[in-house]
Amino acid sequence: MNMEIRNLDGRPVIVGGGIAGLMTALHLAPEPAVLLSRMPLGADASSTWAQGGLAASLGLDDEPLLHLADTLAAGDGLCDADVARRVVQAAPAAIEELARLGVRFDRTPAGALLLGLEAAHGRRRIVHAGGDGSGREIMRALVAAVRSTPSITVIEGVEARRLAVDDNTVVGVLARCSVGPVFFVTGRVVLATGGIGGLFLDTTNPLGNCGQGLGLAARAGAVLADLEFIQFHPTALDGADRPMPLISEAVRGEGATIVDETGQRFLQGVQGAELAPRDVVARAIWKHLSNGHCVFLDTREKPGPTFARQFPTIASACRGAGIDPGHDLIPIRPAQHYHMGGVAVDGAGRTSVSGLWACGEVASTGLHGANRLASNSLTEAIVCALWVAESAAGSPGGRQKSAIASDQDSPDDPMPVRALLSGALGLARDGEGLKAAIRALLPLAATSDPAAVGLMIAIAAFLRQESRGAHYRTDFPHRAAVARRFEFTLKAALATAQELAGSPALEEAI
């Protein structure tokens, strides 16, 4: 099949149509940019599904230092304090920018922003839009802004397959569309591809999000970081639907409690109870379920009769399952929700590969550490998109080379990976289970991007022989005395996997 080659004349390419990608494109304007999206803008993006809103210190009793303290506490010793400080300080201005772009935030009758409370926050500082429809409203405004910006070329139905790299420098993007392969010649690429939910059986994310950006960066030789830290949201609606409907933390912020089939609030002995950090609540629920109990969210009294008005999206999901939150208990269980790890970036979003940036969930900025503080993810995407755009705009368009990445039609089916990762990389992990997953993933990693991403996550989890934040090892239940971040490449992960598997050198996979 012939390959179409498009020379972009130095224009940057943004891969991904969620909040991070859209904001990066808008901040680059009026510089021309090309935005590639697998789906129509707004469809199948985690950003659209986001319920919780954005965290920012906007209350009269709040300030960035308090927001920073909560962020660092949740991150369990692994946050980059300088990055976190910059993000929380920039957050209020980012909210103002979104409002300027047309986002209709929830407000009091007097017109002030309505601030919600979520777990591990010491103040009300969560800004919502449309109750629990924050992501949908933000995406509506950003998609409209992007489509009305002449300098942004949006190409939908195109999936990036490989980055062409020459001497550790990006020279192009190989993509596929309905008519075949297309090669975009460019020296600037921004990855904004989202997370890894599609690699797990139980997830609140779109199933199409299978770590594509991690695969692109890893095959290009980029350094990745903190891959072992995967956040499981404690309150997903327990039922047959996949992905699982999320029940926002904001519901607990309004007074909902967690009970078992006897009516017992089994989290009362935990510091913070229902509003403890997500990893603490999720593991407590998982343990209670493992002991044979059923677990429910009790919203009958709080929010009670106002539930449907405050949380229309969640109320609709409950109705679909035959549940009335004002009168019935809501069955819940933890589900994969967010990836703290990603492509290692500096303060401007630059990766270890020249001409390559990463923004949003695909990036590891150091903000979240071992456990993301609720509603810091959208804040990070909005704030960091500006820094990425400024850095990319200030960089030359790169060398216009004729090198083209090989058109490897790698299988993207995540099904063989889902069971392996769900079993070995869930809320509780152990060395034997991780080694078994590594051995199973290793022969698949050469040709399957989901398997390569899963292998790297499993290696990172195996090497972290401690329990910290969202990473819990039953065979290493205590925290190490010194907090260390792990950074490595796909090549290093493959070498470690081969040692563990006792196998001969795997055929070149990158």
Please round to the nearest 0.5 Å and tell me the distance separating atom OG of Ser46 and atom NE2 of His339. 13.0 Å
Can you tell me if Glu156 uses its side chain to pair, donor with acceptor, with the backbone of Pro40 under 3.5 Å? no
Does a side chain donor of either Arg38 or Thr193 reach within less than 3.5 Å of an acceptor in the other side chain? no
Do Arg6 and Phe183 meet the cation-pi criteria used here (NZ or CZ under 6.0 Å from the six-membered ring centre, within 45° of the axis)? no
Do Met244 and Asp202 make a side-chain contact, defined as non-hydrogen atoms from C-beta onward lying under 4.5 Å apart? yes
Where do Val171 and Val185 land on the side chain to side chain contact (heavy atoms under 4.5 Å, CB included) test, with the steps shown first? CA-CA 6 Å; Val171 294; Val185 181; over 6 Å; no
Going through the distances and angles, do Phe229 and Arg464 end up as a side chain to side chain contact (heavy atoms under 4.5 Å, CB included)? CA-CA 10 Å; Phe229 295 110; Arg464 184 168 291 281; 3.2 Å; yes
Without hydrogens or angle criteria, can the side chains of Asn376 and Thr71 be said to hold a donor-acceptor pair below 3.5 Å? yes
Within the structure provided, determine whether Asn205 and Pro243 are in side-chain contact (heavy-atom separation under 4.5 Å). no
Please assess Arg124 against Asp62 for the test salt bridge (charged side-chain N to carboxylate O under 4.0 Å, His left out), listing each intermediate value before the final yes or no. CA-CA 8 Å; Arg124 284 187 170 269; Asp62 203 3; over 6 Å; no
Can you see whether Thr313 engages Asp132 through a side-chain donor-acceptor pair at a distance of less than 3.5 angstrom? yes
Determine, stepwise, if the pair Ser248 / Ile314 fulfils side chain to side chain contact (heavy atoms under 4.5 Å, CB included). CA-CA 8 Å; Ser248 171; Ile314 302 170; 4.0 Å; yes
Determine whether Thr24 and Leu386 make a side-chain contact, defined as any pair of heavy atoms from C-beta on separated by less than 4.5 Å. no
With side-chain contact (heavy atoms from CB on, under 4.5 Å) as the test, pick out the partner of Thr379 among Val127, Ile95, Ile126, Leu54. Leu54
Are any of the side-chain heavy atoms of Leu142 and Met23 separated by less than 4.5 Å? yes
With ring centroids as reference points, do Tyr338 and His233 lie under 6.0 angstrom apart? no
Please tell me if the side chains of Asn371 and His471 come closer than 4.5 Å, counting only heavy atoms from C-beta onward. no
Straight-line distance of Leu421 CG to Thr203 OG1, nearest 0.5 Å: 11.5 Å
Answer yes or no: is there a side-chain heavy-atom contact under 4.5 Å between Leu98 and Phe105? yes
Just by distance, do the side chain of Ser375 and the backbone of Gly52 share a donor-acceptor pair under 3.5 Å? yes
Give a yes or no on this: more than 12 heavy atoms of other residues, nucleotides or ligands lie within 6.0 Å of atom CZ of Arg147. yes
For Pro32, does its backbone N or O pair with a side-chain atom of Arg11 as donor and acceptor, under 3.5 Å? no
Which atom pair, heavy atoms only, marks the closest approach of Ala217 to Val343? CB-CG2, 3.6 Å
Does NZ or CZ of Arg350 come closer than 6.0 Å to the centre of the six-membered ring of Trp387, within 45° of the ring's axis? no
Between Ser391 and Trp357, is any side-chain donor less than 3.5 angstrom from a side-chain acceptor? yes
Is a side-chain donor-acceptor pair under 3.5 Å present for Gln89 with His67? no
How far does CG of Leu28 sit from CD1 of Ile152, to the nearest 0.5 angstrom? 8.0 Å
Rounded at 0.5 Å granularity, tell me how far OG in Ser151 sits from CD in Glu31. 8.5 Å
Pairwise distance CG(Asp413) to CZ(Arg418) - rounded to 0.5 angstrom: 7.5 Å
Verify the distance criterion only: is there a donor paired with an acceptor across the side chains of Ser377 and Arg372 at less than 3.5 Å? yes
Considering the options Asp61, Asp70, Leu58, which one meets the side-chain contact (heavy atoms from CB on, under 4.5 Å) requirement together with Arg125? Asp70
Using the side-chain contact (heavy atoms from CB on, under 4.5 Å) rule, pick out the option among Ile155, Leu22, Val190 that qualifies with Leu35. Leu22
Any chance you could measure Asp82, atom CG, to Leu367, atom CG, to the nearest 0.5 Å? 12.5 Å
